[in-house]
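Below is one structure, written out as structure tokens; the observations come after it.
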Amino acid sequence: MSSAPGHGRNDLVTEPQPTVKCLVWDLDNTLWRGTLVEDGEVALHEGIRDVIVELDSRGILQAVASRNDHDHAWEQLEKLGLAEYFVLPQINWGAKSASVRSIAQELNFDFSTIAFIDDQPAERAEVEFHHPKVRCYPAEEALALTGRPEFTPSVVTGDARRRRQMYQANARREAQRTDHTGTDDEFLRSLSLELRIERAGDEAISRVEELTLRTSQMNATGVHYSDEALRALIADERHEVLVASLTDRFGPHGAIGVILLERRPDTWHIKLLATSCRVVSFGVGTALLRWLTDEAARAGVPLTAGFRRTERNRMMEVAYRFAGFREASDEAAREDGDGAQTLVLDPTRQNPPAHLKVLAPRLFGSAHEPVEWMPAEE
């Protein structure tokens with residue numbers, strides 16, 4: 001029995017399925033030839049390494065659900081030079097469906113974005129029974145996976161290519177946070193955080209669009225900007241389209257923020273400020289606002305911002321208020337053209353956060369490389 005999409009119960013599926021975000025591999029007679037507990041040593045099926053490396057380069061995470069002794073199987077993956085490609089290995093003697101559930105929950109992925117590959121029809125059927133949305137594939141289709149549309153994202157960003165490394169870095173980071181016995185400030189200082197703000201180019205556009213679409217709690221207006229709209233703004237000298245990325249001693253967080261800034265006759269106007277919710281605890285939103293305030297103060301222009309209250313962005317409203325923004329007193333200026341409320345700030349020079357190194361360009365200036373934001377007194 002084959003349970004891959006296009007066979008059996010999936011013949012009636014007509015709507016496009018979401019791109020696979022995580023492929024869960026069985027090991028014995030799927031990833032490698034032979035049964036480890038019986039044969040002791042095993043070898044990779046020809047071509048499997050290429051599939052794993054290619055899926056990894058597309059930003060598709062890969063995990064393991066295998067009935068084996070964990071230490072023995074993981075040692076074998078290390079010998080084969082593949083251990084680094086797998087996250088959340090579930091190598092135990094329990095049900096495969098339980099392992100798949102654990103992986104999906106830990107990644108916070110919907111089951112419709114999970115795929116499972118196994119040589120045993122009974123194992124695939126057991127996973128299908130408990131998780132009908134998981135797409136299951138027989139082992140003999142492994143080499144064809146990279147040619148299937150569900151394993152072919154329409155766009156592969158730089159962040160996507162680093163997705164596994166970012167996940168693994170975050171796991172190490174959170175483990176360190178759990179073990180840390182000092183204060184939160186001391187932990188943040190220990191991370192050697194670096195926030196880099198750059199003008200968006202072709203490489204970053206897709207990630208910027210994704211951030212405007214998916215970020216809701218830390219999105220000041222809730223507005224989604226399409227690829228076409230973002231490219232038009234980049235080409236307009238009155239606008240700055242900026243993307244922020246974060247790294248620390250554990251590795252990259254990737255692109256985590258976007259700023260759309262418009263130069264108006266009498267003010268600089270923040271049309272959109274959005275940051276990923278996963279970096280709230282690192283003080284990134286506050287750092288971006290302080291940097292924008294300092295840049296406006298350097299230029300001697302007032303700073304305004306659009307804000308539209310939604311059900312989820314209370315945190316962003318608090319950030320604006322804490323930074324000193326207030327409602328516009330001029331009745332005509334209280335609402336922007338797109339229906340957002342206008343907030344205003346008379347900027348003063350700011351200092352960078354003590355726990356965070358910030359590299360950023362001079363706004364509305366030349367396209368030189370970002371420079372380090374230094375304290376105002378220097």
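This structure is a prediction, so every number in the text was calculated from the model and none was measured. All values below come from the heavy atoms of this structure, side chains included, with hydrogens, waters and symmetry mates left out.
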ask   = Heavy atoms, side chains only, cut-off 4.5 Å: are Ile52 and Leu82 in contact?
value = yes
query = Can you tell me if Thr267 uses its side chain to pair, donor with acceptor, with the backbone of Pro302 under 3.5 Å?
reply = yes
inquiry  = Taking the basic N atoms (NZ, or NE/NH1/NH2) and the acidic carboxylate oxygens, is any pair closer than 4.0 Å for Glu150 and Lys21?
reply    = no
ask   = Side chains of Leu288 and Ile259: does their closest heavy-atom pair fall under 4.5 Å?
value = yes
task = Please check if the side chain of Asn92 supplies one atom and the backbone of His70 the other of a donor-acceptor pair under 3.5 Å.
result = no
request  = Could you tell me whether the side chain of Arg249 and the main chain of Ser190 form a donor-acceptor pair under 3.5 Å?
outcome  = yes
task = Can you run down the salt bridge (Lys or Arg N to Asp or Glu O under 4.0 Å) pairs that involve residues 46-55, sequence neighbours left out, and say none if there aren't any?
result = Glu54-Arg58
task = Give the C-alpha distance, both sets of side-chain angles, the deciding distance and a yes or no for side chain to side chain contact (heavy atoms under 4.5 Å, CB included) between Leu359 and Leu195.
result = CA-CA 6 Å; Leu359 298 173; Leu195 177 65; over 6 Å; no
query = Between Glu295 (side chain) and Leu363 (backbone), is there a donor-acceptor pair under 3.5 Å?
reply = yes
message = Looking at every non-hydrogen atom in both residues, tell me the closest pair between Thr348 and Ala297 and how far apart they are.
response = C-CB, 3.5 Å
request  = Considering only NZ, NE, NH1 and NH2 on the basic side and carboxylate oxygens on the acidic side, decide whether Glu186 and Arg189 come within less than 4.0 Å.
outcome  = no
message = Using a 3.5 Å distance criterion without hydrogens, assess whether the side chain of Asp39 forms a donor-acceptor pair with backbone atoms of Thr35.
response = yes
task = Examine the side chains of Asp185 and His355 and answer whether a donor and an acceptor come within less than 3.5 Å of each other.
result = no
query = Is a donor on one side and an acceptor on the other found under 3.5 Å between the side chain of Arg67 and the backbone of Ile91?
reply = no
Expected list for residues 229-236: side-chain donor-acceptor pairs under 3.5 angstrom, two or more places apart:
unit_1 : atom_1 : unit_2 : atom_2 : d
Arg231 : NE     : Asp227 : OD1    : 2.7
Arg231 : NH1    : Asp202 : OD1    : 2.8
Asp236 : OD1    : Arg238 : N      : 2.9
Asp236 : OD1    : Arg238 : NE     : 3.2
Asp236 : OD2    : Arg238 : NE     : 3.2
Asp236 : OD2    : Arg238 : NH2    : 2.8
Asp236 : OD2    : His239 : ND1    : 3.2

task = Grab the two heavy atoms, one from Leu23 and one from Phe116, that are nearest each other, plus how far apart they are.
result = CD1-N, 4.2 Å
query = Do Thr247 and His253 come within less than 4.5 Å of each other through their side chains, counting heavy atoms only?
reply = no
ask   = Under 3.5 Å, is there a donor-acceptor pair between the side chain of Arg135 and the main chain of Ser112?
value = yes
query = Does Arg124 count as lying over the ring of Tyr137, i.e. NZ or CZ under 6.0 Å from the six-ring centre, within 45 degrees of the axis?
reply = no
request  = State which residues pass side chain to side chain donor-acceptor pair (under 3.5 Å) with Trp373; sequence neighbours excluded, sorted by chain then number.
outcome  = Asp294
ask   = What's the shortest heavy-atom distance between Phe325 and Thr304, and which atoms?
value = CE2-C, 4.3 Å
query = Can any side-chain N or O of Glu128 pair as donor or acceptor with the backbone N or O of Val134 at less than 3.5 Å?
reply = no
task = Kindly give the heavy-atom pair with the smallest separation between Trp32 and Leu80, and that separation in Å.
result = CE3-CD1, 3.7 Å
message = Do Phe129 and Ser97 have side chains that approach each other closer than 4.5 Å (heavy atoms only, starting at C-beta)?
response = no
task = Name the orientation class of the two ring planes belonging to His131 and Phe111 (parallel below 30°, tilted from 30 to 60°, perpendicular beyond 60°).
result = parallel
ask   = Would you say Leu36 and Leu27 make side-chain contact, with heavy atoms under 4.5 Å?
value = no
inquiry  = Do Thr113 and Cys22 make a side-chain contact, defined as non-hydrogen atoms from C-beta onward lying under 4.5 Å apart?
reply    = no
Minimum side-chain heavy-atom gap Tyr85-Leu55 below 4.5 Å = no
ask   = Does any pair with a residue in residues 101-116 pass salt bridge (Lys or Arg N to Asp or Glu O under 4.0 Å), and if so which ones, sequence neighbours excluded?
value = Asp110-Lys133
message = Please determine whether a side-chain nitrogen of the Lys or Arg among Arg263 and Glu240 lies less than 4.0 Å from a carboxylate oxygen of the Asp or Glu.
response = no
inquiry  = Run the side chain to side chain donor-acceptor pair (under 3.5 Å) test against Asp26 and tell me which residues pass, sequence neighbours left out.
reply    = Thr30, Lys96
remark   = For Val301 and Pro347 the tightest heavy-atom approach is O-CG, 3.2 Å
key: Criterion ring pair (Phe, Tyr, Trp, His ring centres under 6.0 Å) on Phe364 and Trp268, from CA distance to verdict   = CA-CA 10 Å; Phe364 299 108; Trp268 287 358; 5.2 Å; yes
Show which side-chain atoms of residues 175-182 pair as donor or acceptor with protein atoms under 3.5 Å away, not counting sequence neighbours.
unit_1 : atom_1 : unit_2 : atom_2 : d
Thr178 : OG1    : Glu174 : O      : 2.9
His180 : NE2    : Gly182 : N      : 3.3
His180 : NE2    : Thr183 : O      : 3.4

message = For a quick test of reading the model, state the closest non-hydrogen atom pair linking Leu345 to Ala323 and the distance between them.
response = CD1-O, 3.8 Å
query = Going by heavy atoms in the side chains, are Leu273 and Leu289 under 4.5 Å from each other?
reply = yes
note = Given the options Val64, Ile117, Leu77, Leu31 meets side-chain contact (heavy atoms from CB on, under 4.5 Å) only with Leu77
query = How long is the gap from CG on Leu88 to OG on Ser99, to the nearest 0.5 Å?
reply = 11.0 Å
inquiry  = I'd like to know if the side chain of Arg163 and the backbone of Asp56 have a donor-acceptor N/O pair within less than 3.5 Å.
reply    = no
query = Any donor-acceptor pair under 3.5 Å linking the side chain of Asn170 with the backbone of Arg173?
reply = no
